[in-house]
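Heads up, the thing below is written out as C-alpha cells.
No hydrogens, no waters, no symmetry mates; every other heavy atom, side chains included, goes into these values. Atoms within each ligand, like the ligands themselves, are counted from 1 in listed order. Along the sequence shown, residues carry numbers from 1.
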Amino acid sequence: MAAQVSGQIATVMQEKRLFPPTAEFSAHARVKSLDEYQALWENAAADPSAFWAALAREELHWFEPFQETLVWNEPDAQWFVGGKTNVSYNCLDRNIEAGLGDRQAIVWEGEPGDQCTFTYAQLHEEVCKFSNCLKQLGIGKGDVVSIYMPMVPELAIAMLACARIGAIHSVIFAGFSAEAIADRNNDANAKIQLTSDAAWRRGKQLPLKAIVDEALEKSSTVQKCVVLKRVGNEVPMQSGRDFWWHELMESASSDCPAEPLDSETPLFILYTSGSTGKPKGIKHTTAGYNLYVKKSFQWVFDHREDDVFWCTADCGWITGHSYIVYGPLSAGATVVMYEGAPNHPDESRFWQIVEKYKVSIFYTAPTAIRAFIKWGDEHVTKHDLSSLRLLGTVGEGINPEAWMWYHKTIGGERCPIVDTWWQTETGGIMMSPLPGAIATKPGSCTKPLPGIIPEIVDEAGDLVDANQGGWLTISQPWPGMLRGIWGDEERYRDVYWSKVPGKYLAGDNARCDEDDYYWIMGRIDDVLNVSGHRLSTIEIESALVSHPLVAESAAVGRPDDLKGDAVAVFVVLRDADPNDDLRKTLKQHVRKEIGALAQPDDIHFTNALPKTRSGKIMRRLLKDIAAGKETVGDTTTLEDYSVLAKLRSDEE
Ligand code: WT7
C-alpha cells in the first residue's frame, strides 16, 4: 500500500501487462513510434501557439486569415483571432474541392433495418437545402436551434446546416423528458425546435413529437417547430408553428454558400447533466473546436482513406458531435451511423453491422462492452469481424478485464485499443494512445495528445509524485476547450478555474505511473476515505470485475463511525445466483487482488446498476442507497427508474 500524504489518493492496483503495437500497424500509422510521438508532443509544448497556428493554416479553410493565434485572459480563451472560417465548409465543400465528392460520408442503418448512404456531394446538397429552410423560417447567425431527433442522417444534416449559417445548435438526446427539453430551451433562449414524429427504440415507437408538444408549452422562446417524418405515424401539427421537414425541403434551393464566420462564433451548446443541480450548457465555438476534433480524430484513430469508422455514441452527446459529425467529416472519413439499440432484434446487432459495412475502426463505451460480455461471446463469434483494425473506448474507465475481453473477443488480439479520456468540456480527446506509437496498458488512457499538458496536483495545487493519485488539471489552454457555460460566467470560473489557480480543473482524480502513463481514478467527489486512506472507485470495481462471475460493479463509501467510509459495492453477476458464500468469496477476492483496506464491507447483488442515459454509473444514488437514505437531488438523467426501485426493495 502506498504511503499516505494528505489530500492524495492511494493506488492499490497493479497492472503490468503491456501491449505494443505490431510492427505492421506502426509501419502504416500516421505516428509510427514513441520517439516520433514524443518529438511531436515536445515540439507542441515548446511553443503551443506556433504549433497550433501551423496546423490551423493547413487543416482549415480560411475565408480570411487569422491575425493572432491565442488571446488568453484566464479563463477566457480566443483562438485564431481575426480569422474567418466555417465548420460546415470544412466538413463538406473543402472535401469536395479536394476531389472527395463521391466518397461516402455517412452510411446509415435504421433500427428496423432500412439503410441509406450520403456521399460528400449528396450531404453537401442536403445541408445547403436545409440551411435555406432554416433561413426561410427566420433563423440566422446567433439564433439557437434546439434539436431533439433520433439518430438519423437528418440530425447530422441539421447540425451542419446550423454551422453553415452561423446558428447555434443545442442537441438534446432523444430520451430526455419534456421537462428536460423545456429547461434547456429556456436556458438557451432557443428560437426553433427540430424533431421527428417518433423514434424507433427496441422495436417500439418513442413519441418525440408528443414530448416536444408538451415541452413547447413551457418553452416560451421557441416560435417554430420542424418535424421530420421518420416513423410515419399521425401526429397533430399546429398550424403556423409546425412544419414538415419534407415539405420545406421540396422547394428549398441547394445553393447556400457557407457564411464566413469569426473564429470564435459559437458553434453549439451542449448540456451536460452534471452530477447534481442544474445542467450546464457547455459552449463550444468555431475554429478552435474544428481544428481540435479534426486533428485528434486523425491522431487517435489513425485515420486512413479506406477506413470505415463507427462511433456508436448518440449525437446527443459530445462524442457524437466530435466523432460522428465534426471530426470525421472534416477529415473526409466514411462514418457509419446506426439508429437503434445494440440488442435489437438481438444481441448480435452491432457485430452484424461491423460485418456488413466492413467497419475498420470501432469506438464504443465501457458500459456497452460490459453488456456484450454479459450477453455472451456466441453473439460475437458468429460474425466475421476481420475488417476491424482499431478499437476505442470512451466515457468511463475500462476495467482491465473488460479491456482484455475487448482485445481478445472483438479485436482478435490484433487491434490496438485506444482508451480515450476527455469530457464534454474539452471538446475532443485529451489523453489516449496514438495507436501506432504508444504501447497500451489495460485500464490506462496512456499519454496526452500533442499540445495537451496534464498535471496532477494535490489540494494545495502542488504537483504530486509518480503513482500518487491527485486532481487532474490541464495547464495550458487548447483549441478545443469550452468557452464557458452558457449564460453563467461565474459558474464557469468557479467550477473549472478557481480551485487550482491558473489551471483547468477536470474534476477527475488521476495518477501518472513511472512510465508517464496516466490512469483515471474516477470523479473527485467519488473518492472513498477508508480509515484515512483515500481510495478510488475504479480500482475496487476493477478488482471485482476480474472475478469470472462478475459482470459489472460499482463501489461507493457508506458512512461508518470507525472507518470514515466503509466500502459498499454493488455487483451484477454474469451467470450465477447470489448467495452468502459468493459474498465471502468476492470479499476474499478483492482482498487478495488489492489488499485488506479495500475489502468490501457490504456487497449488494443487483440485476442492474443505475446509469445515466449516456451509460455512466450514478454512484451518487448508490451512495444514498448504501447509506439507507432516500435519494435527494436530480435524477432526471437516470436511464431506468425501475433499477432504483428494485435496489431499494432489495434492501428491505
Ligand atoms: C467524464 C466526462 C468524453 C465523452 C463522453 C463523456 C469520464 C471519460 C474516460 C476514460 C476514465 C473517463 C471522466 C470524465 N471519462 N472518458 N477514457 N477513462 N474516465 O463525456 O459526459 O462530459 O464525461 O467521463 O470522469 O471527466 P462527459
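- The atoms of ligand 1 that sit less than 4.0 Å from any heavy atom of Thr420 are 9 (C), 10 (C), 16 (N), 17 (N).
- Under 4.0 Å from ligand 1, heavy atoms of Thr424 appear from its side chain as well as its backbone.
- Remark: Arg619 engages Glu541 in a side chain to side chain donor-acceptor pair (under 3.5 Å) (not counting sequence neighbours).
- The part of Ile318 lying near ligand 1 is the side chain, judged by heavy-atom distances below 4.0 Å.
- Contact analysis leaves Ser614 out of contact with ligand 1, as no non-hydrogen atom separation drops below 4.0 angstrom.
- Across Ala313, Gly397, Gly615, heavy-atom proximity to atom 19 (N) of ligand 1 is greatest for Gly397.
- The closest non-hydrogen atom to atom 25 (O) of ligand 1, taken over Asp508, Thr426, Ile282, comes from Asp508.
- The ring of Phe173 has its center closer than 6.0 angstrom to the ring center of Trp317.
- Counting only heavy atoms of the protein, atom 10 (C) of ligand 1 lies nearest to Glu396 O, 3.3 Å.
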Please output the side-chain donor-acceptor pairs of residues 443-453 that fall under 3.5 Å, not counting sequence neighbours, one pair per line with the distance.
from, atom 1, to, atom 2, distance (Å)
Ser444, OG, Thr446, N, 2.9
Ser444, OG, Tyr518, O, 2.6
Lys447, NZ, Asp515, O, 3.1
Lys447, NZ, Asp516, O, 3.4

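- Under a 4.0 Å criterion applied to the non-hydrogen atoms of Thr319, ligand 1 contributes the atoms 4 (C), 5 (C).
- Residue contacts with ligand 1: Gly395 is placed with a nitrogen or oxygen under 3.5 Å of a nitrogen or oxygen of the ligand (distance criterion only).
- The aromatic rings of Trp478 and Tyr504 lie perpendicular to each other, with more than 60° between the two planes, well past the 30° mark.
- With ring centers used as reference points, Tyr289 lies 6.0 Å or more from Trp79.
- Within the structure, ligand 1 has Trp422 among the residues with a heavy atom less than 4.0 angstrom away.
- Ring geometry for Tyr326 versus His169: interplanar angle under 30°, hence parallel rather than tilted (30 to 60°).
- Atoms of ligand 1 found under 4.0 Å from any heavy atom of Ile520 (numbered from 1 in listed order, with element): 11 (C), 19 (N).
- Tyr271 and Trp486 have their aromatic ring centers separated by at least 6.0 angstrom.
- Residue contacts with ligand 1: Lys616 is included, with a non-hydrogen atom under 4.0 Å away.
- In summary, the atoms of ligand 1 found under 4.0 Å from a heavy atom of Val394, numbered by their order in the structure, are 3 (C), 4 (C), 5 (C).
- Residue contacts with ligand 1 for Arg523 involve side-chain atoms from C-beta outward but no N, CA, C or O (heavy atoms, distance under 4.0 Å).
- Taking any N or O of Thr272, backbone or side chain, none lies under 3.5 Å from an N or O belonging to ligand 1.
- Pairing each heavy atom of Glu459 with each of Arg534, the nearest pair is OE2-NH2, 3.6 Å.
- For Phe19 and His407, the gap between ring centers is short of 6.0 Å.
- Taking the charged nitrogens against the carboxylate oxygens, Arg370 and Glu396 do have a contact shorter than 4.0 Å, which makes a salt bridge.
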